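These figures come from a predicted structure and were not determined experimentally.
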Amino acid sequence: MNVTGAPAPVSVRAELTERWGDPLQRVSGKLSPVLHDWLRRFIELSPFVVLASTDGRGCCDASPRGGAPGFVRVLDEQTLFVPEESGNRLLQTLRNLEENPGIGMLFLIPGMPESARVNGWAEPLTRSDPRWGELPLDEGERERLLWGSLVRVTEAYYHCGRSSRFGGLWDTGEIERHRANPPLAKRPAAAPARTHRRPSGATAAEGPLSS
C-alpha cells in the first residue's frame, strides 16, 4: 500500500465526488468564517481541545489540551487565545507553529456527542510580549503561564455527533467498565526505541522527521 504521500493514479476526492455528488447546501453552509453564538458558547463550555499542527515539511502532530471549561478564551468572533501550561517540554506544537502557523482545533464537551471545529492561523507569544497584559487571564494564570497562542479564525463549524455515537465515546457503561478494569496499562513499561521514517525519496541529509 502506498502511504508515502505520492500522488495516487486517480484522485480519491474526484472519484468520491463523482459517486456521491457535492455536499448538501445545509452541510456546506455550516462552514463559517467567524465564531457564531453557538460556537462561542461551545468553546466557553469546553474543557478539552485537540490541536493539530504541521511543520514546514508537512509532518503532522495532534496534541491534547485540557483545563477548566472555557480555558481557551474567546476574544472576539475571529480570535481565540490558547494558554499553554508547562507540559512534557517537547514543545512539538510550538516547533510546528514557528515553521507553519496553520492550526486545526477540535473542541469537546464531556457527554455531548457534538463537537466544534476551528481552523486558522496561530501566533505564539510569551508573557514578555506587551499584549500579554491585555489578555483576559486571572492573576494566577498571568504569573504561572509562560506562553500561549493567539488564533485568528478562518473557518469554524459545528460537527454532528454521529462519530461519537458510532464510537460509543460517552457510553457511561463502557466508561465505568474501563474504570473498574482498565483495558491496558496506564503507560508502556518501557518506551520503544525511536525510529524516524522519511517519505519515499527523502535523503539522510534532510534530517529526521518530527516525532
Side-chain angles (χ1 to χ4, degrees), residues 23 25-55 60-88 90-165 167 169-170:
Q25 177 57 39
R26 64 180 175 81
V27 175
S28 58
K30 71 181 181 180
L31 305 180
S32 172
V34 299
L35 300 171
H36 53 65
D37 289 345
W38 188 93
L39 289 166
R40 293 179 68 146
R41 186 58 180 153
F42 195 102
I43 294 169
E44 290 168 352
L45 293 172
S46 173
F48 185 86
V49 63
V50 177
L51 306 181
S53 61
T54 180
D55 67 16
C60 302
D61 179 73
S63 183
R65 299 289 189 276
F71 76 99
V72 173
R73 304 312 205 274
V74 179
L75 304 186
D76 58 48
E77 66 177 9
Q78 280 197 298
T79 314
L80 297 173
F81 176 70
V82 184
E84 293 284 357
E85 299 281 356
S86 60
N88 57 22
L90 291 175
L91 299 177
Q92 290 164 304
T93 300
L94 177 58
R95 179 180 59 202
N96 286 347
L97 294 179
E98 288 181 336
E99 296 182 18
N100 179 353
I103 193 169
M105 310 173 74
L106 175 67
F107 290 90
L108 301 177
I109 296 175
M112 189 168 183
E114 293 74 22
S115 56
R117 296 174 61 172
V118 177
N119 300 318
W121 304 103
E123 179 189 359
L125 71 160
T126 68
R127 64 183 183 187
S128 63
D129 190 294
R131 293 169 292 177
W132 191 264
E134 301 172 7
L135 295 170
L137 303 173
D138 61 40
E139 288 306 311
E141 291 174 314
R142 204 176 302 282
E143 291 300 319
R144 183 180 74 254
L145 301 175
L146 296 179
W147 74 286
S149 293
L150 289 171
V151 176
R152 180 70 171 175
V153 176
T154 58
E155 180 182 70
Y157 52 103
Y158 146 92
H159 196 103
C160 78
R162 189 166 63 165
S163 59
S164 296
R165 285 190 287 267
L169 183 61
W170 305 119

Item to check | Steps toward side-chain contact (heavy atoms from CB on, under 4.5 Å) verdict (T126, L146) | outcome: CA-CA 6 Å; T126 68; L146 296 179; over 6 Å; no
Checklist entry - Given the rule in the salt bridge (Lys or Arg N to Asp or Glu O under 4.0 Å) test, do R73 and E141 qualify, once you have shown the distances and angles that lead to the verdict? => result CA-CA 12 Å; R73 304 312 205 274; E141 291 174 314; 2.5 Å; yes
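Around the CG atom of D138, the shell of radius 6.0 Å holds more than 12 heavy atoms that belong to other residues, nucleotides or ligands.
Screening residues 117-136 for ring pair (Phe, Tyr, Trp, His ring centres under 6.0 Å), with sequence neighbours left out, gives F81-W132. The list of ring pair (Phe, Tyr, Trp, His ring centres under 6.0 Å) pairs with a residue in residues 139-164, not counting sequence neighbours, reads W38-Y158.
Contact of the V151 side chain with the V82 side chain is registered, since non-hydrogen atoms from C-beta on lie closer than 4.5 Å. Side-chain contact between S46 and P69: absent, with no pair of heavy atoms (C-beta onward) separated by less than 4.5 Å. L97 has its side chain within reach of S149: a pair of non-hydrogen atoms, C-beta onward, lies under 4.5 Å apart. Using a 4.5 Å heavy-atom cutoff, the side chains of S115 and F107 are not in contact. No side-chain heavy atom of T154 sits under 4.5 Å from any side-chain heavy atom of V118.
The side-chain contact (heavy atoms from CB on, under 4.5 Å) search around D76 returns Q78, T79, not counting sequence neighbours.
Using a 4.0 Å cut-off between charged nitrogen and carboxylate oxygen, R65 and E84 count as a salt-bridge pair. For E85 and R144, the salt-bridge test passes: some basic side-chain N is under 4.0 Å from an acidic carboxylate O. Salt bridge absent: R131 and E134 never bring a charged side-chain N and a carboxylate O closer than 4.0 Å. Salt-bridge annotation for E114 and R162: absent, with no side-chain N of the basic residue lying under 4.0 Å from a carboxylate O of the acidic one.
If you take CD1 on I43 and CE on M105, they are separated by 7.0 Å, rounding to the nearest 0.5 Å. Note that the OG atom of S63 and the CG atom of L51 stand 6.0 Å from one another [nearest 0.5 Å]. For the atom pair OG (S32) and NZ (K30), the distance works out to 12.0 Å, reported to the nearest 0.5 Å. Atom CG of L35 sits about 14.5 Å away from atom CZ of R41, to the nearest 0.5 Å. Distance check, rounded to the nearest 0.5 Å: CG of D55 to OG1 of T93 gives 11.5 Å. Atom CG in D61 sits 11.5 Å away from atom CG in L94 (nearest 0.5 Å).
R142 places a side-chain N or O within 3.5 Å of a backbone atom of L135 that can act as its donor or acceptor partner.
What you find for S53 and N96 is that their closest heavy atoms are OG-ND2, 3.0 Å. R165 and P113 get closest at one heavy-atom pair: NH1-CG, 3.6 Å. Nearest heavy-atom pair, F42 versus A116, reported as atom, atom and distance to 0.1 Å: CD2-CB, 3.6 Å. Contact detail for P83 and V72: the closest heavy-atom pair is CD-CA, 4.2 Å. For the pair A156 and V34, the tightest heavy-atom approach, listed with the atom from each and the gap, is CB-O, 4.1 Å.
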